[in-house]
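Notes for the one structure printed next.
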Amino acid sequence: MRVQVISNASNVHQAQLIGKTAIVIDVMRTASTIIAAIEAGARCVLPVETIMEAKAIAKSSDLLGGERFCKRISGFDLGNSPNEYRNSIVCDKRIILTTTDGTRAIIRSMRAAELFIASLTNADACIDAAMQTERDLVLICAGSQDQFTLEDGFCAGALIAKLQKDYSNSPLSMNDFGYAMLSLYEHTKHQQTTTLRNGFSGKHLQAIGLEADINDCIQINRTTVVPYLHNGAIVSYPVNT
């Protein structure tokens with residue numbers, strides 16, 4: 001099996017995805033928020049790239065969620081904090097979501113044969129689901145404003161470590177960035193909280209008073225919920241047909 005890790009959304013090219021299983025990673029915060037929404041009973045999450053598109057397709061029964069530069073979009077029902085997406089609010093709702101980086105990474109990855117959403121909160125479960133597809137993997141770090149972010153790379157390393165531990169019967173080859181992210185994870189996993197709080201995203205969230213979001217986003221393997229792209233919308237895997 002081949003695993004390719006991509007450093008940020010702007011480096012995703014369609015040819016890299018054909019016939020592959022993609023895993024989009026955005027620890028702080030889009031992936032963590034989507035996981036929280038699906039876990040809380042949302043019917044689906046529809047990722048879109050622009051605020052205008054989100055407003056245009058939203059029905060009266062939908063919820064609008066998202067942010068621009070970490071702030072809730074004016075007029076939207078929800079922002080991009082996982083703890084906003086509670087059962088009492090999102091149960092059986094379709095959520096139209098647009099974020100600065102995460103939803104763009106998802107949309108850029110839609111040419112993949114299969115697409116999953118990963119954060120630290122569901123890392124092991126996401127690998128278990130992705131391995132059921134029996135395809136090579138492309139791990140896409142969403143990053144921030146076209147730059148690599150530490151927490152997404154750390155998560156990519158955690159996913160690769162899970163592959164090495166539980167799927168050692170499948171010979172694994174990686175690109176150089178994948179090896180680097182595995183090394184990052186192995187060398188910092190025992191100082192996970194300190195490491196991730198000191199990254200660019202962690203420092204920024206602390207600075208704007210969203211420290212609780214950091215704690216919600218870095219709880220490793222808190223859930224077995226795995227969001228999956230099905231007919232253009234993100235639902236829980238496996239899909240009930």
Side-chain angles (χ1 to χ4, degrees), residues 1-13 16 20-35 82 100-102 104-106 108-109 116-131 136-168 170-207 210-211 213-223 226:
M1 168 179 285
R2 177 161 178 78
V3 177
Q4 181 177 12
V5 183
I6 298 173
S7 64
N8 64 77
S10 65
N11 288 335
V12 177
H13 303 290
Q16 299 167 308
K20 309 287 181 60
T21 291
I23 300 177
V24 177
I25 303 164
D26 188 0
V27 174
M28 296 183 192
R29 299 170 285 165
T30 300
S32 302
T33 293
I34 291 172
I35 292 162
T100 307
D101 300 291
R104 184 166 67 94
I106 294 167
R108 289 181 66 94
S109 305
F116 296 90
I117 308 297
S119 183
L120 289 171
T121 57
N122 74 339
D124 282 3
C126 190
I127 283 295
D128 288 337
M131 287 298 289
D136 289 342
L137 303 181
V138 182
L139 311 185
I140 298 146
C141 300
S144 177
Q145 300 177 53
D146 295 333
Q147 300 294 317
F148 168 75
T149 56
L150 185 66
E151 68 278 1
D152 290 349
F154 181 91
C155 184
L159 297 176
I160 295 169
K162 164 72 172 177
L163 280 172
Q164 288 190 328
K165 176 176 178 288
D166 290 354
Y167 296 94
S168 56
S170 301
L172 188 65
S173 65
M174 288 178 278
N175 63 341
D176 285 356
F177 193 69
Y179 281 110
M181 295 307 96
L182 177 61
S183 180
L184 166 67
Y185 171 74
E186 294 291 359
H187 283 84
T188 61
K189 63 184 178 182
H190 298 301
Q191 297 85 37
Q192 173 187 329
T193 299
T194 300
T195 298
L196 300 183
R197 285 172 59 90
N198 284 332
F200 171 81
S201 300
K203 288 180 177 178
H204 183 60
L205 289 174
Q206 292 174 73
L210 294 176
E211 188 164 349
D213 283 6
I214 301 173
N215 298 329
D216 289 338
C217 292
I218 66 173
Q219 298 177 44
I220 196 158
N221 296 320
R222 178 190 62 76
T223 181
V226 179

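For the numbers below, each heavy atom of this structure counts, side chains included, while hydrogens, waters and symmetry mates do not.
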How far apart are the closest heavy atoms of [X] and [Y], and which atoms are they?
| X | Y | value |
| --- | --- | --- |
| Phe177 | Ile6 | CE2-C, 4.3 Å |
| Leu120 | Cys217 | CB-O, 3.8 Å |
| Asn221 | Asp124 | OD1-N, 2.8 Å |
| Leu150 | Gly199 | CD2-CA, 4.0 Å |
| Ala161 | Tyr185 | CB-CE2, 3.6 Å |

Output yes when a side-chain donor or acceptor of [X] lies under 3.5 Å from a complementary backbone atom of [Y], and no otherwise.
| X | Y | answer |
| --- | --- | --- |
| His204 | Phe200 | no |
| Arg108 | Ala9 | yes |
| Gln192 | Ile218 | yes |

Between atom [atom1] of [X] and atom [atom2] of [Y], what is the distance when rounded to the nearest 0.5 Å?
| X | Y | atom1 | atom2 | result |
| --- | --- | --- | --- | --- |
| Ser109 | Lys20 | OG | NZ | 12.5 Å |
| Lys189 | Ile220 | NZ | CD1 | 9.5 Å |
| Met181 | Met174 | CE | CE | 11.0 Å |

Check side-chain contact (heavy atoms from CB on, under 4.5 Å) between Gln206 and all other residues, then give those that pass, not counting sequence neighbours.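 side-chain contact (heavy atoms from CB on, under 4.5 Å) check on Gln206 returns Arg197, Glu211, Ile214.
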
Who are the side-chain contact (heavy atoms from CB on, under 4.5 Å) partners of Ala118, not counting sequence neighbours? Ile23, Ile25, Asn122, Cys126, Leu159

Can you list the residues that meet the salt bridge (charged side-chain N to carboxylate O under 4.0 Å, His left out) rule with Lys162, with sequence neighbours excluded?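 Scan of Lys162 (salt bridge (charged side-chain N to carboxylate O under 4.0 Å, His left out), adjacent residues dropped) gives Asp128, Asp166.
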
Applying salt bridge (charged side-chain N to carboxylate O under 4.0 Å, His left out), run through Asp146 and Arg104 and close with a yes or a no. CA-CA 11 Å; Asp146 295 333; Arg104 184 166 67 94; 2.6 Å; yes

Name of the residue among Leu139, Ile117, Asp152 meeting side-chain contact (heavy atoms from CB on, under 4.5 Å) with Val24: Ile117

